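Below is one structure, written out as structure tokens, with a few remarks after it.
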Amino acid sequence: MEKIDRQILRLLADDGRMSYTQLGRATGLSTSAVHQRVKRLEERGLILGYGATIDHAAAGKPLTAFISITPIDVSRPDDYPQLLEDVAEIESCWSVAGEESYILKVRVATPGDLEDLLGRVRAQAHVTTRTTIVLSTPYENRSLH
């Protein structure tokens, strides 16, 4: 990947709403050249989408936790993401190597809501869980450097 493409990716990761004109000023390219490069980055799958950064506490979900799940019966199919895909509180699901099979990032309003969520995850996926509650987030979703 070219240096200028990396620069465009960094800029868009920091501010996905940057206009092609602003990107052009920052990179020294014309607006149309930036547009073509961004389009190519999207087509190559390097840019998967654009989104808003949400203040989850202000949106009523101040509690973030990571739930590690481990199968109770290892002979069951590995279909945990599908079993849990309708659980709205799950923000991310990662398949991992180690003792656990998956780690879920969840956001809820209260410790009681987290307790309820843990019960639903265990029942729906037939797993055991280990939970880590986030105390603070000094930084998240850092841009490329």
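Because the structure is predicted, anything quoted here is derived from the model rather than measured. Residues take their numbers from the sequence shown, with the count starting at 1.
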Exercise. Do Val34 and Leu9 share a hydrophobic cluster (ILVMFWY, side-chain heavy atoms under 4.5 Å, transitive)?
Worked result: yes
Problem set entry | Side-chain donor/acceptor of Thr110 to backbone N/O of Asp113, under 3.5 Å | yes
For this session: Walk me through it: do Thr129 and Val121 pass the test side chain to side chain contact (heavy atoms under 4.5 Å, CB included)?
Result: CA-CA 8 Å; Thr129 61; Val121 166; 4.2 Å; yes
Problem set entry | Val87 vs Leu104 side-chain heavy atoms within contact, under 4.5 Å | no
Problem set entry | Main-chain N/O of Ala33 paired with Gln36 side-chain donor or acceptor, under 3.5 Å | no
Problem set entry | Distance in Å, Ser30 OG paired with His35 NE2, rounded so as to fall on 0.5 Å steps | 11.5 Å
For this session: Kindly give the heavy-atom pair with the smallest separation between Ala125 and Leu83, and that separation in Å.
Result: CA-CD1, 3.9 Å
For this session: For Thr31, check side chain to side chain contact (heavy atoms under 4.5 Å, CB included) against everything at least two apart and list the hits.
Result: Tyr20, Thr21
Seminar exercise, completed: The reported gap from NZ in Lys61 to CD1 in Ile54 (rounded to nearest 0.5 angstrom) is 11.5 Å
For this session: Output yes when a side-chain donor or acceptor of Asp79 lies under 3.5 Å from a complementary backbone atom of Gln82, and no otherwise.
Result: no
For this session: Check whether any side-chain heavy atom of Arg120 sits under 4.5 Å from a side-chain heavy atom of Glu89, and report yes or no.
Result: yes
Problem set entry | NE2-CZ distance between His126 and Arg76, expressed to the nearest 0.5 angstrom | 4.5 Å
For this session: Treat each ILVMFWY residue as a node, draw an edge where side-chain heavy atoms are under 4.5 Å apart, and state whether Tyr80 and Ile90 are in one component.
Result: yes
Seminar exercise, completed: Heavy-atom closest pair (Pro71 atom, Val127 atom, distance to 0.1 Å) is CA-CG1, 4.1 Å
For this session: For Glu42, check side chain to side chain contact (heavy atoms under 4.5 Å, CB included) against everything at least two apart and list the hits.
Result: Val38, Ile47, Tyr50
For this session: Evaluate the side chain to side chain contact (heavy atoms under 4.5 Å, CB included) criterion for residues Leu11 and Gln22: first the C-alpha distance (whole Å), next the side-chain angles of each, then the deciding distance (0.1 Å), finally the verdict.
Result: CA-CA 10 Å; Leu11 289 164; Gln22 291 169 317; over 6 Å; no
Exercise. Taking a hydrophobic cluster as the set of Ile, Leu, Val, Met, Phe, Trp and Tyr residues connected by side-chain heavy atoms closer than 4.5 Å, whether directly or through intermediates, do Val106 and Leu63 fall within one such cluster?
Worked result: yes
Exercise. Is Arg130 paired with Glu100 through a side-chain N to carboxylate O contact shorter than 4.0 Å?
Worked result: yes
Problem set entry | Criterion side chain to side chain contact (heavy atoms under 4.5 Å, CB included) on Ile8 and Thr27, from CA distance to verdict | CA-CA 7 Å; Ile8 290 170; Thr27 59; 4.0 Å; yes
For this session: Kindly determine whether Val134 and Phe66 satisfy side chain to side chain contact (heavy atoms under 4.5 Å, CB included), including the steps that lead there.
Result: CA-CA 8 Å; Val134 174; Phe66 293 96; 3.5 Å; yes
Exercise. Do you reckon Leu46 sits in the same ILVMFWY cluster as Leu29, going by side-chain contacts under 4.5 Å, direct or chained?
Worked result: yes
Exercise. Between Glu43 and Arg37, is there a salt bridge with N-O shorter than 4.0 Å?
Worked result: no
Exercise. With a cut-off of 6.0 Å (strictly less than), are more than 12 heavy atoms of other residues, nucleotides or ligands near CD of Glu91?
Worked result: yes
Seminar exercise, completed: Heavy atoms of Gly60 and Ala109 approach each other most closely as O-CB, 3.3 Å
For this session: Consider only side-chain heavy atoms of I, L, V, M, F, W and Y, link residues closer than 4.5 Å, and tell whether Met18 and Leu48 are in one cluster.
Result: no
